[in-house]
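Down below is the structure, laid out as structure tokens.
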Amino acid sequence: MSTNVKFEQYANLLRQWSGRMNLVAPSTLSDIETRHIADSAQLADVLPRDVEIIDLGSGAGFPGVVLAILGWRVTCIESIGKKVAFLTAVKEELKLDNLTIYHGRVEDYVRHLPAKTDKFVFTARAFASLTKIMDYVARTKYQLFLLKGREISAEVADAKRKYKFSYELTPSKTGDGFIISVCFDR
């Protein structure tokens, strides 16, 4: 099954399931391909190829499922059972053997990760503020690749009060936000 077919099937599943549960804003269902899939897929331009991705608060699978379709090994972390059921259906329907779904809280999953390895990176989209994300993952020192909105400068300033890190901003190709790549100081 080609990547394009998988994206089409993913969008169809999202539309079907959204009638039963709130996976994405109803106003964005007519534009899933650009608003959600292309927005998530732009991470492929900045992510290293040889890493495993841990997607925080995956929700409907953005960006985790998109990155799995594009070939990365991905673990989606989601605490809400209905969303886990959706992610599981997507994994099975699209035959994504490189996708793992963890039903639980981010802090519980992260607690068991080894520290200071370049094997893993974190991703997130519409999950939490930069400081809150860093609160969850700082112990690991893994690099972050986050899709954030236009208020990212304020989030960076707030996080700098608590953490030492370097970052790079890449303007979004699909909106007025940014991709922020964060490296904790070691």
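This structure is a prediction, so every number in the text was calculated from the model and none was measured.
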I'd like to check L47 versus I53 (side-chain heavy atoms, cut-off strictly below 4.5 Å). Are they in contact?
yes
Within this structure, what is the CZ-CD distance for the pair R111 and E107, rounded to the nearest 0.5 Å?
7.0 Å
Using every non-hydrogen atom in the two residues, find where F165 and V182 come nearest and quote the distance to one decimal.
CD1-CG1, 3.7 Å
Nearest heavy-atom neighbours spanning K91 and D97
NZ-O, 4.4 Å
Tell me whether L43 shares a hydrophobic cluster with I133, the cluster being built from Ile, Leu, Val, Met, Phe, Trp, Tyr side chains joined at under 4.5 Å.
no
Pairing donors with acceptors under 3.5 angstrom, does anything connect the side chains of D135 and Y163?
yes
Do F120 and T140 touch side chain to side chain, with heavy atoms closer than 4.5 Å?
no
Mind checking ring pair (Phe, Tyr, Trp, His ring centres under 6.0 Å) for F145 and listing every partner two or more places apart, or none if nothing turns up?
none
Give a yes or no answer on whether the side chain of R139 reaches the backbone of V110 with a donor-acceptor pair at less than 3.5 Å.
yes
Identify whether NZ of Lys or CZ of Arg in K164 sits under 6.0 Å from the centre of the six-membered ring of F184 and within 45° of that ring's axis.
no
Transitive ILVMFWY side-chain link W17 to V65, under 4.5 Å
yes
Can you confirm whether Y102 is buried at OH, in the sense that more than 12 heavy atoms of other residues, nucleotides or ligands lie under 6.0 Å from that atom?
yes
Atom NZ of K82 and atom CZ of R20: how far apart are they, to the nearest 0.5 Å?
11.0 Å
Atom CZ of R105: over 12 foreign heavy atoms under 6.0 Å:
no
Do the side chains of Y142 and L113 get nearer than 4.5 Å, heavy atoms only?
yes
Taking NZ in K160 as the centre, count heavy atoms belonging to other residues, nucleotides or ligands within less than 6.0 Å. Is the count above 12?
yes
Backbone N/O of S79 and side chain of H103: donor-acceptor pair under 3.5 Å:
yes
Under a 3.5 Å cutoff, is there a donor and acceptor pairing between the side chains of S129 and T131?
no
Might you work through the side chain to side chain contact (heavy atoms under 4.5 Å, CB included) test for Q9 and M1, ending with a clear yes or no?
CA-CA 10 Å; Q9 287 186 320; M1 181 180 333; 2.8 Å; yes
Spacing of E52 atom CD and N98 atom CG [to the nearest 0.5 Å]
10.0 Å
Once you round to the nearest 0.5 Å, how far does OG of S153 lie from NZ of K148?
12.5 Å
Can you find a heavy atom in the side chain of P63 that is under 4.5 Å from one in the side chain of T123?
yes
In Å, rounded to the nearest 0.5 Å, how long is the span from CG of L144 to CG of L130?
7.0 Å
Does the side chain of K141 come within less than 4.5 Å of D185's, by heavy atoms?
no
Answer with yes or no whether the hydrophobic clustering places L99 together with I37; edges join I, L, V, M, F, W, Y residues whose side-chain heavy atoms lie under 4.5 Å apart.
yes
Nearest 0.5 Å, what's the CG-CD1 distance between L169 and I180?
5.0 Å
Close side-chain approach of F122 and F127, heavy atoms under 4.5 Å:
no
Find out whether Y136 and L56 are in side-chain contact, i.e. whether some heavy atom of one side chain is under 4.5 Å from a heavy atom of the other.
no
Does F86 share a hydrophobic cluster with L94, counting links as ILVMFWY side-chain heavy atoms below 4.5 Å and allowing steps through other members?
yes
Mind running ring-ring contact (aromatic ring centres under 6.0 Å, His included) on Y10 and F62 for me, showing each step along the way?
CA-CA 11 Å; Y10 181 33; F62 301 112; 5.4 Å; yes
Expected output: side-chain E78 to main-chain V84 donor-acceptor under 3.5 Å:
no
Run the salt-bridge test on K173 and D39 with the 4.0 Å N-O cut-off and return the result as yes or no.
no
Distance-only donor-acceptor hits, side chain of residues 66-77, under 3.5 Å, sequence neighbours excluded:
residue	atom	partner	partner atom	Å
W72	NE1	P48	O	2.9

Membership question, hydrophobic clusters at under 4.5 Å side-chain separation (ILVMFWY): are I101 and L13 in the same one?
yes
Taking the side chain as C-beta and beyond, is there a heavy-atom pair between K83 and S58 under 4.5 Å?
no
